[in-house]
Amino acid sequence: MTVRTRFAPSPTGYLHIGGARTALFCWLYSRHHGGTFILRIEDTDRERSTDEAVQAILDGMAWLDLKQDEGPFYQTQRFDRYREVAQQLLKDGHAYHCYCSKEELDAMRAEQMARKEKPRYDGRCRDRKEPKPGVTPVIRFKNPQEGQTVVEDAVKGRVVFDNHELDDLIIVRSDGNPTYNFCVVVDDMDMRITHVMRGDDHLNNTPRQMNILKALGCTPPQYAHLPMILGPDGTKLSKRHGAVSVMQYREDGFLPEAVLNYLVRLGWSHGDQEVFSREEMVQLFDIKDINTSASAINPQKLLWLNQHYIKTGDLKRLGEELGWHLARLGVDVSKGPSLEGLVKAQQERAKTFKEMAEGSRFFFEEPKEYDPQAAAKNLTPDVAPALMTLREKLVALPDWTGPALHDVLNQTAEGLGLKLGKLAQPLRVAVSGGGVSPPIDATLELLGRDTSLKRLDRALEYIKQHS
RNA sequence: GCUCCCUUCGUCUAGAGGCCUAGGACGGAGCCCUCUCAAGGCUUAAACGCGGGUUCGAAUCCCGCAGGGAGCGCCA
């Protein structure tokens, strides 16, 4: 039997980190077994589902490069099918019409709560023979009242529910639209899903779904309930704490492989290994290595992984990503150093591309002003003579290359009896506008002779004016 | 309230009765390297929620408790 998994988000918001991890696990499991990965959009809630959210989910999946083999399927396009199955259930005596009003149900729940009971539908319409005039009924599933339903969960193990804990849930609303739990069941059945991997907030829904499946004559799939992902503060993911769109991660300068690598280690592990290529993940991933407990997001670790991939990634690709971020900053990269060269110079000192782009701005644009602190410390009258000496040597330098610049800098400093830092740091401020840049020789090389000298002159002028 | 799930360093985790003086990673601290910022190297602090069992022996098995989470909708 080939493995068929599905990721089934509801488009009521963007794809956030929790959904992305569920998607990743589903994708990984199908890839590992050479199976099929299905994308299904659960948009039966027409009030809250939006086209923008659908697009956001699709964009997020594309950015993470989690391609589906089938779909996206939309539940709103399958309403006829759900109604058909509901009729079948009705016909077979597994479902019935319920005429209870909302008020009636609310009152019933209130009473049960008052009695410290679990609120649930008491089945008062179960054996009703006659319709109630003037009321359009809902359809409820006739849940078994005796016995137990056992979920053999691949992550949580054996979980037993008493059937009398489960009530007769509504499968078709009075407006004729099917409900979530019912659509899921019909879809999982029709799409021949073999493994349902989803958040463990669905564990309680599982016995209900299994019972419907059984009533339909189906064998339930293998379930695997994934532990939740928590915000950095250990509480539920929220807008304030970590629940941002995966696309926001791109904007913040992360690489998809870093996000994926980070995500795969949340609730899953393979010994002590921390870094996984996509291929390794596929090869090594197994449900049995999934944890049972929730995990909190650790932004620091994501940052570390991102830097790892910045340090080790393909220069051409990284250069393109840097270009994207510089463009976002409004920087014109058509003139200036090559992006690949820049990445090479910057990759050890940036945790994100956003950071790298900000720190690379001065390669393309003359700094408007010097960082006050850096200027006060380094662009002082006493360094002017050294900078002038250096300027002469730079003008005379035959080739403007890193190693040549390195030598000139060292020799000049030595000749003047200065430590290299005394010369390099003022120069850095002169050309970059601040106290931070790649090694000064690499910086000058990337900047080129003309720009470097021009900025050096400007700094000398600045010193003169401020002395 | 009822049902279900969860509980190893701050965080992610290894750990399937003796390999545990509980290992790794991120983060932290310190040192080294150094033209800035980093990167890198080395060192270091830091955890089995609590209480009972079972056993020669328990982080590992069982039972309670406590704490956390989820579900209990004509939401998904």
Side-chain angles (χ1 to χ4, degrees), chain A residues 8-12 42-45 47-49 75 98 100-102 105-106 109 112-121 137-140 151 153 155-157 159-162 165-167 169-175 177-181 183-184 199-207 225 227-228 230 232 234-236 262 265-275 291-305 307 311 346-351 359 374 378 406 409-410 413 419-429 432 434-441 443:
Chain A
S10 61
T12 53
E42 308 213 324
D43 53 355
T44 52
D45 184 352
E47 305 274 299
R48 296 197 300 151
S49 299
Q75 290 186 325
C98 168
C100 296
S101 68
K102 245 185 145 123
L105 295 174
D106 286 345
R109 271 191 279 270
Q112 288 165 331
M113 293 284 258
R115 270 178 284 154
K116 305 200 169 182
E117 284 172 15
K118 181 183 198 167
R120 62 226 223 244
Y121 182 65
V138 299
I139 301 176
R140 286 187 186 268
V151 183
D153 193 86
V155 173
K156 305 281 183 179
V159 184
V160 180
F161 295 86
D162 282 326
E165 289 293 340
L166 279 20
D167 62 358
L169 71 156
I170 292 173
I171 57 175
V172 178
R173 301 180 176 98
S174 50
D175 65 3
N177 291 330
T179 58
Y180 167 78
N181 276 110
C183 297
V184 168
D200 67 10
D201 48 342
H202 288 286
L203 186 54
N204 287 297
N205 285 329
T206 305
H225 285 95
M228 298 274 91
L230 276 17
T235 63
K236 193 178 168 175
Y262 178 70
R265 285 286 290 101
L266 232 41
W268 176 85
S269 61
H270 180 73
D272 286 338
Q273 189 170 344
E274 296 290 350
V275 176
N291 273 181
T292 50
S293 54
S295 36
I297 306 181
N298 181 349
Q300 303 282 6
K301 190 161 180 180
L302 207 209
L303 244 14
W304 173 76
L305 275 166
Q307 181 165 38
K311 283 190 301 188
Q346 296 281 38
Q347 63 191 162
E348 282 183 353
R349 65 204 81 248
K351 292 196 186 312
N378 296 289
H406 182 85
L409 251 17
N410 273 73
K419 294 186 84 169
L420 184 55
K422 287 285 174 200
L423 193 59
Q425 199 55 10
L427 187 55
R428 171 171 284 114
V429 177
S432 77
V436 178
S437 87
I440 193 64
D441 45 5
T443 301

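In what follows, chains are A, B, ... by sequence order, proteins preceding strands, each numbered from 1. Every value quoted in this text rests on a predicted model; they were computed, and no experiment measured them. These numbers come from the heavy atoms of this one structure, side chains and all, not from hydrogens, waters or symmetry mates.
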Expected output: side-chain A/Asp175 to main-chain A/Asn177 donor-acceptor under 3.5 Å:
yes

Taking atom C1' of B/A76 as reference, at what distance in whole Å does atom CG of A/Asn181 sit?
9 Å

Note: A/Gln307 and A/Gln347 closest approach over all heavy atoms is NE2-O, 4.3 Å

Provide the Watson-Crick or G-U wobble partner of B/A16, both distances under 3.5 Å; none if there is no partner.
none

Both distances under 3.5 Å, Watson-Crick or G-U wobble: report the partner of B/A45, or none.
none

If I compare all heavy atoms of A/Pro299 with all of A/Ile297, which pair ends up nearest, and what's the gap?
CD-O, 3.5 Å

Just compare B/C26, B/A70, B/A76 and give me whichever is closest to any side-chain atom of A/Asp201.
B/A70

For the P atoms, the ones on B/A29 and on B/A38, what distance do you get once it is rounded to whole angstrom?
12 Å

Is A/Arg109 touching bases, backbone alone, or none of the nucleic acid, heavy atoms closer than 4.0 Å?
sugar-phosphate

Please answer whether the main-chain N or O of A/Arg265 pairs with a side-chain N or O of A/Ser269 as donor and acceptor at a distance below 3.5 Å.
no

Expected string for nucleotides 31-41 of chain B under the B/S/- scheme (protein heavy atoms, under 4.0 Å, primed atoms plus P, OP1, OP2 as sugar-phosphate) is ----BBBBSS-

For the pair A/Gln112 (side chain) and A/Arg120 (backbone), establish whether a donor and an acceptor sit closer than 3.5 Å, ignoring hydrogens and angles.
yes

Mark up nucleotides 3-15 of chain B, 5' to 3', with B wherever a protein heavy atom is under 4.0 angstrom from a base atom, S wherever such an atom reaches only the sugar-phosphate, and - elsewhere.
BSSSS--BBBSS-

Pairwise P distance for B/C32 and B/A16, with rounding to whole Å
40 Å

Could you please name the partner base of B/U54, counting Watson-Crick and G-U wobble pairs only when both distances are under 3.5 Å?
none

Taking the C1' atom of each, how far is B/U13 from B/A47, in whole Å?
12 Å

Counting only Watson-Crick pairs (N1-N3 plus N6-O4 or O6-N4) and G-U wobbles (N1-O2, O6-N3), all under 3.5 Å, who is the partner of B/G1?
B/C72

Gap in Å between the two C1' atoms, one belonging to B/U44 and one to B/G24, rounded
16 Å

Test side-chain hydrogen bond (donor to acceptor under 3.5 Å, both in side chains) applied to A/Asn204 - qualifying residues, sequence neighbours left out
none

Between the base of B/A76 and the side chain of A/Asp43, is one N or O donor paired with an acceptor at under 3.5 angstrom?
no

State whether the side chain of A/Asp441 and the backbone N or O of A/His406 hold a donor-acceptor pair below 3.5 Å, judged by distance alone.
no

With rounding to whole Å, what would you report as the distance between B/G53 and B/A45 at their C1' atoms?
35 Å

For the pair made of CD1 in A/Ile171 and C1' in B/G73, what is the distance, rounded to whole Å?
16 Å

For atom CG of A/Asp167 and atom P of B/C72, their distance in whole Å:
10 Å

Would you indicate, yes or no, if B/A76 has its OP1 or OP2 atom less than 4.0 angstrom from a side-chain nitrogen or oxygen of A/Thr12?
no

Nearest heavy-atom contact between A/Val155 and A/Asn291 is CG1-O, 3.5 Å

What contact category does A/His225 fall into here, base, sugar-phosphate, or nothing, at under 4.0 angstrom with non-hydrogen atoms?
nothing

Rounded to the nearest Å, what distance is computed from the NE2 atom of residue A/His202 to the P atom of nucleotide B/C72?
10 Å

Nearest whole angstrom, please: distance from the P of B/G71 to the CG of A/Leu166.
16 Å

For B/U7, what is the paired nucleotide under Watson-Crick or G-U wobble rules, both distances under 3.5 Å?
B/A66

For A/Ser49, report the nucleic acid contact type (base, sugar-phosphate, nothing); a contact means any heavy atom under 4.0 Å.
nothing

Can you sort out the partners of A/Gln425 under side-chain hydrogen bond (donor to acceptor under 3.5 Å, both in side chains), two or more places apart, ordered by chain and number?
A/Arg428

Where do A/Tyr262 and A/Ala296 come nearest, in terms of heavy atoms and distance?
OH-O, 3.9 Å

A/Lys156: side-chain hydrogen bond (donor to acceptor under 3.5 Å, both in side chains) partners, not counting sequence neighbours
A/Asp200

5′-ward residue of the pair A/Met228/A/Gln75 relative to RNA chain B:
A/Met228

What string of B, S and - do you get for nucleotides 58-63 of chain B, 5' to 3', if B is base contact, S is sugar-phosphate-only contact and - is no contact with any protein heavy atom under 4.0 Å?
------

Counting C-beta onward and ignoring hydrogens, is there a side-chain heavy-atom pair between A/Pro227 and A/Ser293 closer than 4.5 Å?
no

A/Thr12 side-chain N/O to A/Arg48 backbone N/O, donor-acceptor pair under 3.5 Å:
no

How far, in whole Å, is B/C9 from B/G23 if one measures between their C1' atoms?
12 Å

For atom P, what is the distance between B/U43 and B/G17, given to the nearest Å?
32 Å

Complement of B/A38, any strand, by Watson-Crick or G-U distances under 3.5 angstrom
none

B/C61 and B/G18, which share atom name P, separated by this distance in whole Å:
12 Å

In whole angstrom, what separates A/Asp153's CG from B/A70's P?
18 Å

Earlier contact from the 5' end, RNA chain B, for A/Glu117 and A/Asp45
A/Glu117

If you take all heavy atoms of A/Asn378 and A/Pro426, which pair is closest and at what distance?
O-CB, 3.6 Å

